[in-house]
Amino acid sequence: MTDRKPFVAGNWKMNKTFAEARELVAAMLKPLSGIAGVEKVLCPPFTSIPVVASMLVGADVGLGAQNMHWEEKGAFTGELSPSMVKEFCAYIIIGHSERRAYFGETDEQVNKKLHAAMKIGLVPIVCVGETLDEYESGRTGEVVSRQIKLGFAGVDFASAQRIVIAYEPVWAIGTGKASSGENANEAVKQAIRRTLSATFNEAIAQSIRVLYGGSVTGSNAPEFFSQPEIDGALVGGASLKPDEFVAIVKAAA
Ligand code: PGA
């Protein structure tokens, strides 16, 4: 084990209106702020980012966006630029499997977004993970290592250490069927850290934080956080429930 700081991010996905977002943050801000030793991040939808930002002023809880374009400005209807995100946020989720599956996001686009995030000084949370089909045919290692190689292409050694990776097996996301701690740990070790070591070096591979994501709850979180290769969680559904999310962050502390 290295001294990687535990990290828990809540990915709200397309949930919560402005008023609901305010209510959700109000319900968990105080207990969250009281938990030391964990980097905590909330990732609401764009429309709620400004209000959540105002509520997080002075709190030990960070703010992230769920997506952005890699270009700085221009004719890209419906998109937001890195500097628009940076006005409010310190973190950015890149390459979530839902963006890959429903919006055709490719490893090449993930790579462009990653470079744009590094350039503007956002901390990227890069998501990787295999589908059920790939899992069942024993291709987890191959798929995840390709996602890392192509996604991280051209990233320099110094920048690489700032990146957070979320290992999210697609079959475990939103299904209530989480991976097992052991299984996830093995994938992180064999597919992610090994590829990082080959791409950069062993010291960098050991310094990058790798989260598990996919049906994490307050009750299964300890199983993941006790694994040597797993440094925290990217939480979807349970991040919309204040008690659950607080319990997960506590388990990471
Ligand atoms: P889930 O989502 O916790 O609802 O499975 C995780 C994610 O998609 O980041």
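This structure is a prediction, so every number in the text was calculated from the model and none was measured. We count ligands from 1, going down the list as the structure has it; atoms in each ligand are counted the same way.
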Output yes when the distance from some N or O of ligand 1 to some N or O of Gly236 is under 3.5 Å, and no in every other case. yes
Any side-chain heavy atom of Lys112 sitting closer than 4.5 Å to one from Thr106? no
Crowding at CD, Glu182 (>12 non-hydrogen neighbours, <6.0 Å): no
Enumerate the atoms of ligand 1 whose separation from the nearest heavy atom of Gly174 is less than 4.0 angstrom. 1 (P), 4 (O), 5 (O)
Which residues satisfy the side-chain hydrogen bond (donor to acceptor under 3.5 Å, both in side chains) test with Glu223, sequence neighbours excluded? none
Between ligand 1 and Ser215, can you find any atom pair, the residue atom being a heavy atom, that is separated by under 4.0 Å? yes
For atom 7 (C) of ligand 1, what's the nearest protein heavy-atom neighbour? Residue, atom name and distance, please. Glu168 OE2, 3.1 Å
Which ligand 1 atoms does His96 reach within 4.0 Å, using its non-hydrogen atoms? 7 (C), 8 (O), 9 (O)
Sub-4.0 Å atoms of ligand 1 with respect to non-hydrogen atoms of Asn11: 9 (O)
How far is atom 2 (O) of ligand 1 from its nearest protein heavy atom, and which residue and atom name does that atom have? Lys13 NZ, 3.2 Å
In short, Ala203 meets Asn201 closest at the heavy-atom pair N-OD1, 3.1 Å
Greater than 12 external heavy atoms within 6.0 Å of Lys177's NZ: no
May I ask you to decide if the ring planes of Tyr91 and Phe7 are parallel, tilted or perpendicular, using 30° and 60° as cut-offs? perpendicular
Atoms of ligand 1 close to Gly214 [distance to a heavy atom under 4.0 angstrom, numbered from 1]: 5 (O)
Which atoms from ligand 1 have a heavy atom of Ala172 less than 4.0 Å away? 5 (O)
So is Ser239 in contact with ligand 1, going by heavy-atom distances below 4.0 Å? no
Would you check the N or O atoms of Gly237, main chain and side chain alike, for any that come under 3.5 Å of an N or O of ligand 1? yes
Excluding sequence neighbours, so at least two apart, what forms salt bridge (Lys or Arg N to Asp or Glu O under 4.0 Å) with Glu142? Arg139
Would a distance-only check, ignoring hydrogens and angles, find a side-chain to backbone donor-acceptor pair under 3.5 Å from Arg99 to Ile94? no
